[in-house]
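One structure below.
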Amino acid sequence: MSNRRPLVAGNWKLNGSRAANTALISALRAGLPAQSRTDVVVCPPYVYLAEVSAAIHDSVIQLGAQNVAAEDSGAFTGEVAAGMLRDVGCGFVIIGHSERRACYGETDDLTAAKVAAALRCGLRPILCVGETLAERDAGDTLNVVRRQLEAVLAVTGAEAFSAGLVAYEPVWAIGTGRTATPMQAQEVHAEIRATLARRDATIAAAVRVLYGGSVKASNAKDLFAMADIDGGLIGGASLDAAGFLGICKAAAESY
Ligand code: PGA
């Protein structure tokens, strides 16, 4: 429970089709209250952004992308720039997801450059941080998360987080069905806020820190009840309208 308005973002990853997206958005539109007490964001694959943008028109649902180029334009085949994402209606972009880091070799430095690119175009970055199981077992969790955060702070300063958000996603909890306990998550969320507070206490107090990793309607309430957990970044459960709506309801009730 906090005085920060919660945010629930659905990270669709490499899933969806025009037909499935239409069905999912219409079920979300029907199930979300007109005056939602939580921000709700969906993040489809790039090719569907424009169509989903039209489908969520005049609803409480907002749009985000799953990745962005570090460059603004030019000879970068296959990339999509922050300005283009704004142009098709995105307000948010997920940056530094552990799948980008692990599968595509994205470094802390590239992640920081992408955050800077998003901010240049008025996109709100959702910066993902989190440790692997080996790092947790080695007692390195807080060091890893601080390092990932500091790499961005060194480039953008704390101001990045007056618009941006942080998502704590322990790698061992993503898509595994194994969720961090509310206490485990809270410990890291508090450290994320403390790391930001060393730069700017006002921004740190206001920034929303999301939890991600096997969040479901059944475990969301206990996670969102923690002092420094301000919503969730939802993968698998965001593809199921009833499940995602249940998570949004839990977030709204935590506020
Ligand atoms: P999950 O994914 O909810 O399927 O664990 C979360 C994420 O990767 O953002």
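Atoms within each ligand, like the ligands themselves, are counted from 1 in listed order.
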Number the atoms of ligand 1 from 1 as they appear, then name those within less than 4.0 Å of a heavy atom of Gly175, with their elements. 1 (P), 4 (O), 5 (O)

Using 4.0 Å as the upper bound for N to carboxylate O, is an ion pair formed by Glu191 and Arg198? yes

Would you call Arg124 and Asp39 a salt bridge, using N to O less than 4.0 angstrom? no

Starting from atom 9 (O) of ligand 1, what is the nearest protein heavy atom, named by residue and atom, and what distance separates them? Glu169 OE2, 2.7 Å

Please classify the Ser98 to ligand 1 contact at 4.0 Å (heavy-atom distances, strictly less than): side chain, backbone, both or neither. neither

Could you tell me the residue and atom name of the protein heavy atom closest to atom 6 (C) of ligand 1, and the distance to it rounded to 0.1 Å? Gly235 N, 3.5 Å

Measure the distance from atom 4 (O) of ligand 1 to every protein heavy atom, then report the residue, atom name and distance (to 0.1 Å) of the closest one. Gly236 N, 2.8 Å

Kindly determine whether His97 and Glu169 satisfy side chain to side chain donor-acceptor pair (under 3.5 Å), including the steps that lead there. CA-CA 8 Å; His97 190 280; Glu169 298 204 311; 3.2 Å; yes

Salt-bridged, Glu131 to Arg136, with N to O below 4.0 Å? yes

State plainly whether the residues Asp108 and Arg101 are in salt-bridge range, i.e. N to O under 4.0 Å. yes

For Ser214, state whether at least one heavy atom is located under 4.0 Å from any atom of ligand 1. yes

Going by the atom numbers of ligand 1, which of them fall below 4.0 Å from some non-hydrogen atom of His97? 7 (C), 8 (O), 9 (O)

Side chain, backbone, both or neither: which part of Asn11 comes within less than 4.0 Å of ligand 1 when only heavy atoms are counted? side chain

Identify, by atom number and element, the atoms of ligand 1 in contact range of Gly213, meaning under 4.0 Å from any of its heavy atoms. 5 (O)

Tell me whether Ala237 reaches ligand 1 (any heavy atom closer than 4.0 angstrom to a ligand atom). no

Which of the numbered atoms in ligand 1 are under 4.0 angstrom from any heavy atom belonging to Leu233? 6 (C), 9 (O)

Which pair of non-hydrogen atoms, one from Val215 and one from Phe224, has the smallest distance, and what is that distance? CG1-CZ, 4.5 Å

Which atoms from ligand 1 have a heavy atom of Ala173 less than 4.0 Å away? 5 (O)

What one should report as the nearest heavy-atom pair of Thr38 and Arg5 is O-NH2, 3.4 Å

SB check Lys221 Glu253 (cutoff 4.0 Å): no

